[in-house]
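Here's the structure, in structure tokens; my notes come after.
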Amino acid sequence: MRNIAPPKTYRIESFGCQMNVYDGERMAEMLAEHGISAAAEGEDADLVVLNTCHIREKAAEKIYSRIGRLTKKKAQPPLIAVAGCVAQAEGEEIMTRAPAVSMVVGPQAYHRLPAMLERAVAGQRSTDTDMPADAKFAALPQRRKSAPSAFLTVQEGCDKFCTYCVVPYTRGAEISRPFKELVAEAERLVEAGAREITLLGQNVNAWRGEDLAGRAVGLAGLIRALAAMPDLARIRYTTSHPADMDTAAGAALIAAHGEVDKLMPYLHLPVQSGSDRILKAMNRSHTAGSYLKLLERFRAARPDLALSGDFIVGFPGETDAEFEETLELVDAVGYAQAFSFKYSPRPGTPAATMDDQIAAQVMDERLQRLQAHLNRDQLAFNQASVGKTCAVLVERKGKLPGQWLGKSPWLQSVHFTGEAAIGDLVTTRLVEAMGSSLGGELVRP
Ligand code: 5AD
Ligand code: SF4
């Protein structure tokens, strides 16, 4: 076996959801702790971590082409680790199909990456797709750096088993991180520069914990505790499940939207389809009607709430009429933003072997029609925002000189020119609406 020089630089490439972005940051912190630094932009890294997504077929296939490009015609190819949900689902296959990969590590085991790296340097390939009950989070180093807008994973895993979805298999059962640990991590993030924290979970509103007084609390309790931190300006959370809103904890969350100023007026609540028959086949445990009722309750608590959703077109057996029901639901809601996908059969999920898989061309047409409705509504939402004055959290420089990019309370991208700095909350008048962003003007206090 060949010894390899210990890596000095790393690059982490995260695909897929925001939780992967969070995991990528945590892996970066861990590698830094072991004396490995981030490779400079445009330069080859000694270690590349591909933090993968398995939610749809395309996302998974990307990995093999990326590995090919990383190793092609390289006298000294990097050490490659495959992390994330593809690693969890297809670890063995990756090991046989991609000899250039020396580490495969699942989403619940990445705190063990440094030990795997030691073995890799000694020429040994290894796989760790355990889902240890012990706390991964406790094994990770303290947070030291933060962008103005930070992610904080509070809940992981899924017990819902929607019939199309791999997440319950790749991320495991629902777990909630302890209240105390989360408050401590949020404090570190704020000290490190975060002004906004987005609480993350596959079913974030399923989060349960005990506050410092030992009282049982749901997500609203956690949000209220974070809102008490003076230097934290904004709180968001994603992704929610309708079933976990129809509970006492859900009612408390709805109420928090009307009462906690720092909780931003934005809700990402996937519905997937507007057809009750399809929702049942998806095992979604809500109907189009119960979903709409929930939204009414949210809107009653916070009338200016911006709504976002996820949609799947072409679930097995979906008829034209059932697809039309999705369009009707979309028209009834008027989403500010949305994510829509063609159904992708995932290995091991019940839907993958259902009869009546839908032809690719039909899915293409449906997706186009759905997106036309969603784009229309997003533009309408943005146009209706023109004339409003709101706070914008400045996240980065824009392309033009003196231009800045930030987010409105409704999660719209806003660009403006003028005096500002990253991390500022500036008062801006929204003056121009584009499809997916807005132009603003600084308002002098
Ligand atoms: N095919 C297409 N889209 C899917 N999603 C999850 N699984 C699949 C699949 N097999 C979508 C859902 C989910 C989002 C994260 O990805 O809309 O809410
Ligand atoms: Fe997947 Fe459904 Fe769980 Fe969301 S709720 S992660 S779509 S199984």
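Just follow the structure's listing: the first ligand is 1, and inside any ligand the first atom is 1. Given the structure is predicted, the values throughout are model-derived calculations rather than measurements.
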When distances are taken from atom 1 (Fe) of ligand 2, the protein heavy atom at minimum range is Cys165 SG, 2.2 Å

The protein heavy atom nearest to atom 10 (N) of ligand 1 is Ser344 O, 2.8 Å

In the protein, what heavy atom is nearest to atom 12 (C) of ligand 1, and what distance, to one decimal place, separates them? Gln272 OE1, 3.4 Å

State whether Phe341 and Arg56 meet the cation-pi test: NZ (Lys) or CZ (Arg) under 6.0 Å from the six-membered ring centroid, and within 45° of the perpendicular axis. yes

Under 4.0 Å from atom 4 (Fe) of ligand 2, is there any protein heavy atom? no

dist Ile12:CD1 -> Met30:CE (nearest 0.5 Å) comes out at 7.5 Å

Can you tell me if Lys407 uses its side chain to pair, donor with acceptor, with the backbone of Val394 under 3.5 Å? no

With a 3.5 Å cut-off and no angle check, do the side chains of Ser149 and Glu196 form a donor-acceptor pair? yes

Can you report which non-hydrogen protein atom sits closest to atom 16 (O) of ligand 1, along with the distance? Arg56 NH1, 2.9 Å

Quick one: nearest non-hydrogen protein atom to atom 18 (O) of ligand 1, plus distance? Asp310 OD2, 2.6 Å

How far is atom 6 (C) of ligand 1 from its nearest protein heavy atom, and which residue and atom name does that atom have? Ile55 CG1, 3.4 Å

Specify whether Tyr291 and His286 have parallel, tilted or perpendicular ring planes, treating 30° as the upper limit for parallel and 60° as the lower limit for perpendicular. tilted

Look at atom 2 (C) of ligand 1 and say which protein heavy atom is nearest, naming residue and atom and giving the distance to 0.1 Å. Lys342 O, 3.3 Å

Looking only at protein heavy atoms, which one is nearest to atom 7 (S) of ligand 2, and what is the separation? Tyr164 OH, 3.3 Å

Taking only non-hydrogen atoms of Lys160 and a 4.0 Å limit, the atoms of ligand 2 in range are 5 (S)

Give me the ring orientation class for Phe315 and Tyr343: parallel if the planes are under 30° apart, tilted from 30 to 60°, perpendicular past 60°. perpendicular

Ring geometry between Tyr169 and Phe161 (parallel below 30°, tilted from 30 to 60°, perpendicular above 60°): perpendicular

What class does the angle between the rings of Phe137 and Tyr22 fall in, given that below 30° is parallel, 30 to 60° is tilted and above 60° is perpendicular? tilted

re atom 7 (N) of ligand 1, the protein heavy-atom contact at minimum distance is Tyr164 CD1, 3.3 Å

My understanding is that only one of Gln155, Arg208, Lys160 makes a side-chain hydrogen bond (donor to acceptor under 3.5 Å, both in side chains) with Asp244; could you say which? Lys160

Assess Cys162: does it contribute an N, O or S atom lying under 2.8 Å from atom 1 (Fe) of ligand 2? no

Within the 4.0 Å heavy-atom shell around His241, which atoms of ligand 2 are there? 5 (S)

